[in-house]
Every structure is written in C-alpha cells, then in structure tokens.
Protein chains: 2
Amino acid sequence: MQSRSSAAHATGRPRSAAADAAILEATRAALVELGWSKLTLGDVATRAGVAKTTLYRRWAGKNELVVDAVAELFDELELPDSGSLAADIEGVVLQFAAILDRPEAKSGLMAVVAEATRDGALRARIRASIVDRQKRLVLEGRAHAQARGELPAEDDPGTASRAVDLIFDVVAGAVLHRTLVSAEPVTEDWACGLAQILLQGLPESAPPPPG
Amino acid sequence: MQSRSSAAHATGRPRSAAADAAILEATRAALVELGWSKLTLGDVATRAGVAKTTLYRRWAGKNELVVDAVAELFDELELPDSGSLAADIEGVVLQFAAILDRPEAKSGLMAVVAEATRDGALRARIRASIVDRQKRLVLEGRAHAQARGELPAEDDPGTASRAVDLIFDVVAGAVLHRTLVSAEPVTEDWACGLAQILLQGLPESAPPPPG
DNA sequence: ACAGTTACGCTACGGGTCGTATCGAAAGCG
DNA sequence: CGCTTTCGATACGACCCGTAGCGTAACTGT
C-alpha cells in the first residue's frame, strides 16, 4: 500500500499488517461519524487501537491516509458484461453511484480532491490509487462493444487514449456531479438517460416512458 | 448576500457594505495563497482590515464564507449565442473551465462541496448560490437549439426538467472531473469532443482531425 | 542464546487555531 | 441628545497538531 513493496528491510521488527488494516478501517468509520473536517488523527489512532506515533510513521498526514482509506472502496467495481453497451454503462454507473452514496466515500473523496488542487504529490497519489485504477472499466467496456460491433475499432493509439479519457471524464463526472453537487439520487431512469445520451446524443433522445 | 435583504433594521449603525466586499475579496486571496485547509478566519479578517468578531457576526464559519466568496466567480458565465448548439456547448465549456482553472475556485468549490455532504443547510446554500443559478445556461442553450430546430421541442414539463438536470450534470460534471480529478487541461479539442458526444453519441464519433 | 535492528505504546510538549466574551468607541435614527 | 446596533481590540479556555523521548516488544542473523 505504501513504499514498502515486498522485503525492503529483512531485519528488525516487521510492521504489523493488522495495524494497517485497522487504521484504514478506523479512518472510514471516523469519516462516517465525523466527516472530513472533524476527523482527527488522534481519534483515528484511538479507534484503531494504535498509538498516534504509529500512524504518523506510516502516513504523512490526513490527506494521504484518507486517500488510501477511500481507494479500497472502489476496488469492488467490476464491469457486468451484460451483452450490450447500454446495459454495461448503466451497470457501471449504478455501481459507482452506490459506492459514492456511502458517506465515507462522499466526504473523503471530495475533500482529498480539493486538497490535491494545491499538492501535486497528493494528486499523483489519487491518480495512481483511484482514477487510473478504475479506467480499466472503460477499456473493458469499449473492447466488448467493439467486439460486438457497437463501436468502431480504433487504430491510432493516441486518439483511442484521448477518447477513453474523455468517456471516463463524462461518465464519472456526471455521476459525481449528480451525487455530490446536485445532491440527488442516481436512479435507474437517470442511468438509462445517461447511457442514452452517450449512445445516441441529445437530438435523438426521445423522452423515456413516464415513470 | 445574506439574510438582511433591504431594510430589516432601520435603527442602529448599519453594517458596512465595504466590509462585506473586502472580506469576500480577502477570502479569495487567501484561497489562492493558502488553499482551503490552511485558510484561517483570523487571517482573512486581518487581510480584509476587519476584526475577527465582525467576520463571525456575518458568517457562521469557514464553509458559508467560502461559498459566498466562490459564488461570485461564476456569475460572469454567459451563453455565447454562437449560431449552433455545438458551438454554444463548446463556448460554455471553455468559459466554465477557465473559471475552474483559477485556484480560488478549484480548492474552494470542491472543499465546500465535500463539507456539504454532511451539512444539509450548506448544501442548500450551494445549490441556491451556485448550481441553480447557472442552470440558466442549459435552459437558454436548449431554447436556442429548439428555435433552430436542432433539438425537438419538449411539451411535458416534468420530462423537460429532468432532461435539463441530466444535461447539466453531464456537462458540468465532465468539466469538473477533467479539471479536478483527472487534473488535465480543458483544451478546445477536448471541448469539441465533448460537444460531439452530446450531439452524436459515442458510435458516430469519428476521430477528429489529428492535431 | 545474544546482540543488533526496527516497530510499538505511552507520555509530554510548544505552537497554532478555534469560537466566544467583554468592553469602549463609533455611526446612524428619532 | 438618548437609543440601538455595529465595530475594533483584546483575552480566554479548549482543542488538535506534529514531534520528541523513552522503555518495551518482535524478529533476524551468527
């Protein structure tokens, strides 16, 4: 999870892996109860049953700790190879929205993103731990759709890469904005409407059946 | 800007309007230099040339203050009635991105959104001061496009309202995600690609000319 | 078994910010 | 000139920060 990859130091007392897990779990619990602003590292340490010094030995501060605590939440995302691009998009959108609905994800993620605007190292950490990690969903969905013939194959790798980035920004950004800024729920209807825009564009989007 | 609308108290010493402006300006300056987390109300008061108590008399805390300070930034947005829906979208996207590029908007906006996940009153304040205020752009652009025949007219007001909300989430969310999460610049090419998706959908989006 | 090395828990500390209270002076109104 | 409200200044206890010091625990190589 951090710099210690496999066996950097073969000597001395090893770091407790259980402590890592307990700290991250305690961080999420504190995010739920207190939110970002009232979360203190001393409190997290108490909840996790570790000393405050132990916590500071592993993470540089609140920002880095919360990034790692939140990143774990997004690893459960997976593409539901459902047979059509529209259904794939809808499925991922609903999964993503379900995670963002959890208070520890909401308050934690946005707060570290806000801090990352003034901290390049934190920005890199977020990208590596969360963003780029989940871009695989777009890649897989795109590949499936191309195999089905729903999307044209792309040969130029540069263009393809920019397209994937754009799609990721649109999909993730829409869900994020809906959940956090507009503060309204992501329903199946909404996800369906989003998929419709992505597949057909605005003009052809005839209104969905009332419901 | 706050509860005092026109003439609530005709008696006593009136509140200095200049102090309000100075405080909001000082808040933005502090956001640029220090960012959200290191911004302190005492510092803002000093910069504005007012006492800390004056500041607390008008705003409940950091959150409310920054919302008001940031909201003013977004009022300069306007729809560039450029003759086509694609160009209108591109224009608004580029304007929005230009504002989000300013550090006081970046760090301030995301931070208050993060805090708003645990504070309903703050959420309402953000909606009223920022979000709903700018939704006018979607309404205007949609009306223009319908007058041009680029978009079908919508009769059911409920469906139309949901469509406007969805479009707003997609456009604003995409720019927000691109700027703050992906942390990459919104270029003209990118805005063009976004408009293309919105108008034509993913499948027909042939790659734009290289450059 | 023993020395060497690293992690751990605990406690304590100076420094900073918070939000509030208090007070006298200033600014408007009748 | 009285009344009301705001303003500036200062002081205050409470809290959290991040670090330092120390003795103990865990693991490794010879």
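Letters A, B, ... mirror the listed sequences (proteins, then strands); counts begin at 1. For clarity, every value in this text was computed on a predicted model and none was experimentally measured.
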- For A/Ser107 against A/Gly35, the heavy-atom pair lying closest together: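 Minimum heavy-atom contact is OG-CA, 4.4 Å.
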
- Spell out, as yes or no, whether a donor-acceptor pair under 3.5 Å connects the side chain of B/Arg178 to the backbone of B/Ala183.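 Looks like no, no N/O pair under 3.5 Å.
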
- Task: Give a yes or no on whether the backbone of A/Leu39 and the side-chain of A/Lys62 come within a donor-acceptor separation of less than 3.5 Å.
- Result: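 Present.
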
- Message: Please list, in numerical order, the residues of residues 110-121 of chain B that have a heavy atom closer than 4.0 Å to any atom of DNA chain C.
- Response: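 None - not one residue of the stretch has a heavy atom sitting under 4.0 Å from the strand.
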
- Query: Can you list, by residue number, the residues of residues 35-52 of chain B that have a non-hydrogen atom closer than 4.0 angstrom to DNA chain C?
  - Reply: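 Residues of residues 35-52 of chain B that come under 4.0 Å of DNA chain C are, in numerical order, B/Thr40, B/Leu41, B/Gly42, B/Lys52.
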
Euclidean distance, atom [atom1] of residue [X] to atom [atom2] of [N] [Å, nearest integer]:
X       : N      : atom1 : atom2 : answer
A/Leu55 : D/dT19 : CG    : P     : 12 Å
B/Tyr56 : D/dC12 : OH    : P     : 18 Å
A/Asn63 : D/dG18 : CG    : C1'   : 14 Å
A/Ile23 : C/dC8  : CD1   : C1'   : 11 Å
B/Glu64 : C/dG19 : CD    : C1'   : 14 Å
B/Leu65 : C/dT17 : CG    : C1'   : 16 Å

Charged N to carboxylate O below 4.0 Å: is that the case for [X] and [Y]?
X        : Y        : value
B/Arg15  : B/Asp20  : no
A/Arg127 : B/Glu184 : yes
A/Arg123 : A/Asp119 : no
B/Arg162 : B/Asp165 : no

- Query: OP1 or OP2 of D/dG8 sitting under 4.0 Å from any side-chain N/O of B/Thr53?
  - Reply: no

- Under 4.0 angstrom between B/Arg15 side-chain N/O and D/dT6 OP1 or OP2: yes

- Query: Quick one: what's the B/S/- string for nucleotides 24-30 of chain C, heavy-atom cutoff under 4.0 Å, read 5' to 3'?
  - Reply: --BBBS-

- Message: Run the salt bridge (charged side-chain N to carboxylate O under 4.0 Å, His left out) test against B/Glu90 and tell me which residues pass, sequence neighbours left out.
- Response: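 Here no residue qualifies.
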
- Message: Going by the rule side-chain hydrogen bond (donor to acceptor under 3.5 Å, both in side chains), which residues pair with B/Glu78 if we only count those two or more places apart in sequence or in a different chain?
- Response: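 side-chain hydrogen bond (donor to acceptor under 3.5 Å, both in side chains) check on B/Glu78 returns nothing, list empty.
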
- Sequence-distant partners of A/Asp156, side-chain hydrogen bond (donor to acceptor under 3.5 Å, both in side chains), two or more places apart: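 Per chain and number, A/Asp156 pairs via side-chain hydrogen bond (donor to acceptor under 3.5 Å, both in side chains) with A/Thr159.
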
- Parallel, tilted or perpendicular: ring planes of B/Phe168 versus A/His177, cut at 30 and 60 degrees: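 Correct class here is perpendicular.
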
- Note on the structure: From the candidates C/dC8, C/dG19, D/dC17, the one with an atom nearest any side-chain atom of A/Arg57 is C/dC8

